[in-house]
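Step one of this worksheet: look at the structure below.
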Protein chains: 2
Amino acid sequence: MKRTIFLYSLALAALVFLLKFLEYRFIIRDLSLEFYFGIVAILFTALGIWAGLKLTRKKIILAGPEFILNESKLQKLGISKRELEVLELISSGLSNQQIADKLFVSPNTIKTHSSNLFIKLEVSRRTQAVQRAKELKLIP
Amino acid sequence: MKRTIFLYSLALAALVFLLKFLEYRFIIRDLSLEFYFGIVAILFTALGIWAGLKLTRKKIILAGPEFILNESKLQKLGISKRELEVLELISSGLSNQQIADKLFVSPNTIKTHSSNLFIKLEVSRRTQAVQRAKELKLIP
DNA sequence: AAATCAATCACCCGAAAGGATGATTCTCAG
DNA sequence: CTGAGAATCATCCTTTCGGGTGATTGATTT
């Protein structure tokens, strides 16, 4: 950001210098005032385009792969924190047994959680649950 | 695109008109030439920024959720078209039976394809396969 | 013509996942 | 204090998956 502003200022100064140079060398000649306005217009338009792109590119790129949890839908579907936790682990490709190990609970508990999840997400397989949860922005 | 160019032309014409107006009304007064150059510079910089954003916003937004199949990795892993097809259907949450119905083949065939896929993707569960395939840009 | 590979199908078996139901404990709001 | 909701665990039973193996067909390559 600071660098961009610095570069912009530099380019602006260079342009002003160029203009002054042109002004004092050819202003008395046959070229009209409109010609110089045209040059200024073109140069600064280009500068503006470049500056505009510089200033927004990073924001847009960073705004793209951003993930914000949709808590309203989470509540609307009545999904608890623990269930969401299980859902995330399911989406990472773990088996119920592995999830149980990771959360220090019984595999039966994970089965219960996943069953409840399937009901709330209105699906019947874990792959569908993952797909649906991503649609609903419940998981990245 | 065409509309943007049209609007740009319109704005440009308006600016030129404004300049002419200024030029013929105040050029004889006490304001210096640099002042007018400054106005032109500022106006066209703003115009350039605006035009630059207009012209690239759509491209960037469209470039975000864009998916390009990574064919090199497909070949590197030796995944055939049919296998990729099965992989896509797996990722959409279908069971082997449903995939078989959709492709008009036996469930056993789907099992063979999926088994081969798991070996090639070095995974052991379909949820992992989906996750991995997305990492490798094999599926959206 | 022989070899290779994708695609197809089959069968077996064990592991994982899903459905249904019931029970216990804990916390928190009414 | 009581009831609701959560998290936990269990049992039983069915379906789906995954691993292994083998076989056939058709197209492409050598």
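Basis for what follows: all heavy atoms, side chains included, without hydrogens, waters or symmetry-related copies. The shown structure was predicted, so the numbers you read here are calculated from the model rather than taken from an experiment. Throughout, protein chains are lettered first and strands after them, A, B, ... in sequence-line order, and every chain is numbered starting at 1.
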B/I79 CD1 to C/dA7 P, straight-line distance once rounded to whole Å:
12 Å
OP1 or OP2 of C/dA17 under 4.0 Å from side-chain N/O of A/R125:
no
Sequence neighbours excluded, which residues qualify as side-chain contact (heavy atoms from CB on, under 4.5 Å) partners of B/L136?
B/K73, B/L77, B/L121, B/R132, B/L138
Within less than 4.0 Å of OP1 or OP2 of C/dA17, is there a side-chain N or O belonging to A/N96?
yes
Leading and trailing nucleotides of DNA chain D with any atom under 4.0 Å from heavy atoms of chain A
D/dA6 to D/dC17
Could you tell me how far apart B/E85 (CD) and C/dA6 (C1') are, to the nearest whole angstrom?
13 Å
What is the distance, to the nearest angstrom, from the CD1 atom on A/I90 to the P atom on C/dA17?
9 Å
Using five base pairs at each end, measure the axis-to-axis angle across the helix from C/dA1-D/dT30 to C/dG30-D/dC1 and round it to 10 degrees.
50°
Return the residues of residues 104-120 of chain A meeting this criterion: a heavy atom under 4.0 Å from some atom of DNA chain D. Order them by number, or give none.
A/V105, A/S106, A/N108, A/T109, A/T112, A/H113
Whole angstrom is fine here: how far is it from CD1 in A/I99 over to C1' in C/dA17?
11 Å
Rounded to whole angstrom units, what separation is found between the CG atom of B/L84 and the P atom of C/dA6?
14 Å
Could you go through residues 101-108 of chain A and list every donor-acceptor pair under 3.5 Å that involves a side-chain atom there, pairing it with any protein atom two or more places apart or in another chain?
unit_1: A/D101; atom_1: OD1; unit_2: A/Q97; atom_2: NE2; d: 3.1
unit_1: A/S106; atom_1: OG; unit_2: A/N108; atom_2: N; d: 3.0
unit_1: A/S106; atom_1: OG; unit_2: A/N108; atom_2: ND2; d: 3.1

With the threshold set at under 4.0 Å for non-hydrogen atoms, list the residues of residues 130-140 of chain B touching DNA chain C in residue-number order.
none
